[in-house]
Each structure stands twice: as structure tokens, then as C-alpha cells.
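Take a look at the structure below.
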There are 2 protein chains.
Amino acid sequence: MNYLEAKDKFIQTWGSLGTLWGINKAMAQIHALLLISPEPLSMEDIMEQLQISRGNTSMNLRQLIDWGIVYKTSIAGERKEFFSSEKDVNELAKQIARERSRREIQPTLKVLKEVSNIEDDGSAKTKEFIKQTKSLHELAETADSIMNRIVNQESNWLTKTFIKLLK
Amino acid sequence: MNYLEAKDKFIQTWGSLGTLWGINKAMAQIHALLLISPEPLSMEDIMEQLQISRGNTSMNLRQLIDWGIVYKTSIAGERKEFFSSEKDVNELAKQIARERSRREIQPTLKVLKEVSNIEDDGSAKTKEFIKQTKSLHELAETADSIMNRIVNQESNWLTKTFIKLLK
DNA sequence: ATAAACTTTCAAAAAATATTGAAAGTTTAA
DNA sequence: TTAAACTTTCAATATTTTTTGAAAGTTTAT
């Protein structure tokens, strides 16, 4: 496999993986492209390499910036804007974990807390409902705590965490 | 909030959350419904409660069974089949982690390994590509190891893991 | 102030995904 | 073996999500 084939395969894979994580294909592909590019890229560069429209590129770049994993970069003497991604994959993982907690886990916790607080009328179905939603709340809270704990650690956390677990 | 409102809200929330995790709405809703139901439900029950078609119910139940989080249950004297979900949320989380590793992480690891193995021709872009795809491979492998480690532990693992991390 | 260079917005179109429902298939009882 | 009870399949349809592209908006240089 040569560079171009490998690059293409990587962008494709990252793109379809994105879909499974609530990130659309173009967004994931733009991210993949920036991640392996040694220099910042312009909107034109991205449009051309991925064969996507200007509007699509603009909107998805904005989302990536919102997620905190892509930055606008100025290049001296150039009028247009350039973009580059967070290159440290640990930092990247942290940022993604943070955003997923904020966007998914927190709102879910809120609902679980709310619905598990209904009055227990003693019926089997109410009892089961309260029991299960409380368990889920607990699970989600623990999972979120672990994630936050990991996220707020110094770099190289993942390896360290893993070593801890092995002990 | 009364039982019916709470139940509805829970099913709705679980349903839209599913979408974010690569599980479709109906599948997540069926799961939610079974999770809080004290007795197994028939296909008719599910169709009626969620207002979805027979075909949809059948296909999504099959997927849930494939995921290992819903079981067919026979009820004595009844001809039709009944379905119930895994009620232990820890077991549920394990099963989901297992499936996600198998379906997403493993295939990704394979591609990352493959593409990071291209020959280094010394150019900046090839060097960056190899460096980044190798880092991602390492990250994904570590994350997967942690998940597997957790998954293969005895029940109550999440809490225990959390306590370990706090130390 | 003007215009060129560039970016963003958003309604319409396209593509992807989920759902339906009826026909085909299967199982069970008699 | 037949038929009733039930489940599965899948082509057609509906819904949701993504993408486009051109108009509107912004910034910069002169």
C-alpha cells in the first residue's frame, strides 16, 4: 500500500466511524485530513481533497472548532484562513470525552433523576420502573465520574490508568 | 410527574440517546420498554405500546437479541413468544461494551495497523501520517484493553474500578 | 468608500436510514 | 395433513439527515 492509498483508506475509515459516534461523515473526514496534514489547510484545500462543497466544509469546520479539536490558524502574508487539528491524540481523546459527557451524559442524568423520582404507589410496574431508572442513573453517574477523572488528569493518563487497572 | 408521564419520558429519552450510539430509535425504545417491564412482553404488546409496525418490531427485537441484551422467554400455556431484557444494568453495560469493541474498535484497529505500516519515504507528509496513525492505534488499543479488562471482571466492577481510580 | 477576497447562511435537493405492511414462511394443535 | 396462530422478510414508502450552491455577509486593502 502506498501513501495515497493509505491516506484514502484512513480518511474513509475515520469517516464511517464518525457516524457511529454521532459525528457526521464530512466532519470526521475533515478531521482525519487535518490530523495527518503536516501543515494547516485552507478551505479550498479541504474542499478539493475531499470533494465536498464550500458550505459543507464551512459548517463542519465550525462544528469541529466547537468541539475544540480544530483551530483556525493564520499564515503570515495569506489573507484566507487556515485550519489545523489538535495533533496530540491524548489531548484529542480528552476533548472528545469532555464533549460527550457534556452533550450526552449530563442531559441523560438529568432525565433519569427526574423520572426515578416519581411517587412509589406500590404497584409492581412502578417499583420496577423506579428500581431500573435508579440503577441506570447510578451507572451513568459512575461512568461519567470515571471519564471526568480521566479527563482531568495530566497527559499520558490513559497509559497510567491502564497500568493502575492491571495492578 | 406520574407513572405514565415518566415512562413516556424515559422511553423517549432512551430512544433519542440510542441514535447517538449507533442504535436506531425503535431498537432503543423497545429496549427501554422491556427494561422497565416487570413481565415479559409479546410482540403485540410492544407494537401497541410503541405504536410501531409488526415488521419493525420483529427486526429490532432480533437485533437486540443479537446484541445479547434481550431474550426470548416462553410463557407456559402461551403459544406466542415473549421477550424480556437483561435487567442487571451492570451486565447490560458489559454486554454493550463487548459488542462495541467487537463491532467498532477491532475493525478500526485493523485498519490503523494496516495503514500505519506503509513505507517511510522520508517525506514530511508520510512521516506525519505514520506518526499519527500509530498514535491512534496505540490509543485505541489501550482504550480497548481497559474496556475488556472491565468487562471481564466480576459484577460491581464499575464501582470497584472507580474506587481504584480515586486512590 | 469601493471592490476584491473570502466565509457563512439557509432553502432546496440529494442521499441515507428507518418504517410499513402484506406476502411468504414457520410452528403447533388437532 | 390441514389450518390457525404466529413470525419473518423485503420492496415500497416515509422520514431524517446531509449536502449543495448561490445569495448575503464580512473583512481587508487601497
Side-chain angles (χ1 to χ4, degrees), chain A residues 11-34 40-67 70-85 103-104, chain B residues 11-34 40-67 70-85 103-104:
Chain A
I11 291 174
Q12 278 311 116
T13 305
W14 214 239
S16 46
L17 202 70
T19 312
L20 286 167
W21 286 80
I23 284 168
N24 81 43
K25 202 180 87 186
M27 185 171 160
Q29 288 187 339
I30 293 172
H31 177 248
L33 184 61
L34 291 174
L41 300 178
S42 71
M43 232 161 84
E44 297 288 342
D45 295 334
I46 296 168
M47 286 167 63
E48 197 198 337
Q49 291 212 44
L50 300 179
Q51 290 290 310
I52 58 179
S53 72
R54 189 174 297 283
N56 200 0
T57 308
S58 171
M59 288 170 115
N60 285 113
L61 273 172
R62 181 139 64 89
Q63 281 220 70
L64 285 165
I65 292 169
D66 274 1
W67 271 71
V70 162
Y71 316 116
K72 277 193 184 174
T73 313
S74 291
I75 290 195
E78 286 274 12
R79 179 137 162 203
K80 61 184 148 197
E81 302 185 78
F82 287 78
F83 303 88
S84 52
S85 87
R103 292 169 198 235
E104 296 163 38
Chain B
I11 290 174
Q12 279 309 118
T13 305
W14 214 240
S16 44
L17 202 70
T19 313
L20 285 167
W21 286 81
I23 284 167
N24 82 42
K25 203 179 86 187
M27 184 171 160
Q29 288 187 340
I30 293 172
H31 178 247
L33 184 61
L34 291 174
L41 300 178
S42 70
M43 231 162 82
E44 297 289 341
D45 294 335
I46 296 168
M47 285 167 62
E48 196 198 337
Q49 291 212 44
L50 300 180
Q51 290 292 308
I52 57 180
S53 71
R54 187 174 297 283
N56 201 359
T57 308
S58 170
M59 287 171 116
N60 285 113
L61 273 172
R62 183 140 61 88
Q63 281 219 70
L64 286 165
I65 293 169
D66 274 0
W67 271 70
V70 162
Y71 317 115
K72 277 193 182 174
T73 314
S74 290
I75 291 194
E78 285 275 12
R79 178 136 160 204
K80 63 182 146 197
E81 302 183 79
F82 287 79
F83 302 88
S84 52
S85 87
R103 291 170 199 235
E104 295 162 38

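Everything quoted here is computed from the prediction, not taken from an experiment. Lettering of chains follows the sequences in order, A, B, ..., and the numbering in each one begins at 1.
- Note that CG of Leu41(A) and OG1 of Thr57(A) are 11.5 Å apart. Values are rounded to the nearest 0.5 Å.
- Computed from coordinates, the Met43(A) CE to dG25(D) P distance equals 17 Å when rounded to whole Å.
- As a whole-Å value, the separation of Leu61(B) CG from dT7(D) C1' is 11 Å.
- Looking at residues two or more places apart in sequence or on another chain, you find no side-chain hydrogen bond (donor to acceptor under 3.5 Å, both in side chains) involving Ser53(B).
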All N/O pairs under 3.5 Å across the protein-nucleotides 21-23 of chain C interface:
none

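- Proximity of residues 11-19 of chain A to DNA chain C (heavy atom under 4.0 angstrom from any strand atom) is not detected for any residue.
- Put simply, CE on Met27(A) is 15 Å from C1' on dT17(D), counting in whole angstrom units.
- Applying the salt bridge (Lys or Arg N to Asp or Glu O under 4.0 Å) definition to pairs two or more places apart or across chains, those involving residues 48-67 of chain A are Glu44(A)-Arg54(A).
- For Lys80(B), counting side-chain heavy atoms from C-beta on, the closest listed nucleotide (dT9(C), dT19(C), dT7(D)) is dT7(D).
- Sorted by first and then second residue, the salt bridge (Lys or Arg N to Asp or Glu O under 4.0 Å) pairs with a member in residues 17-32 of chain B form an empty list; sequence neighbours excluded.
- For Ala28(B), the side-chain contact (heavy atoms from CB on, under 4.5 Å) test picks out Ile23(B), with sequence neighbours left out.
- For the side-chain contact (heavy atoms from CB on, under 4.5 Å) with Gln49(A), the lone residue among Ile30(A), Ile11(A), Leu33(A) that qualifies is Leu33(A).
- Summarising the geometry, the separation between CD1 on Ile52(B) and P on dT7(D) is reported as 14 Å, rounded to the nearest angstrom.
- A search for side-chain contact (heavy atoms from CB on, under 4.5 Å) contacts involving Ser58(B) returns Met43(B), not counting sequence neighbours.
- In this view, Glu81(B) and Lys72(B) satisfy the salt bridge (charged side-chain N to carboxylate O under 4.0 Å, His left out) rule, not counting sequence neighbours.
- In terms of the side-chain contact (heavy atoms from CB on, under 4.5 Å) criterion, residue partners of Ser85(A) (sequence neighbours excluded) are, by chain and number, His31(A), Leu34(A), Leu35(A), Val70(A), Lys87(A).
- Along DNA chain C, the nucleotide closest to Phe83(A) and the one closest to Gln51(B) are compared, and the more 5′ of them pairs with Phe83(A).
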Restricting both atoms to N or O, compile the protein contacts to nucleotides 28-30 of chain C shorter than 3.5 Å, with distance only.
residue: dT28(C); atom: O2; partner: Arg79(B); partner atom: NH2; Å: 3.3

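- Taking Ser74(B) as the reference, nothing meets the side-chain hydrogen bond (donor to acceptor under 3.5 Å, both in side chains) condition, with sequence neighbours excluded.
- Not counting sequence neighbours, Arg79(A) has no partner by the salt bridge (charged side-chain N to carboxylate O under 4.0 Å, His left out) test.
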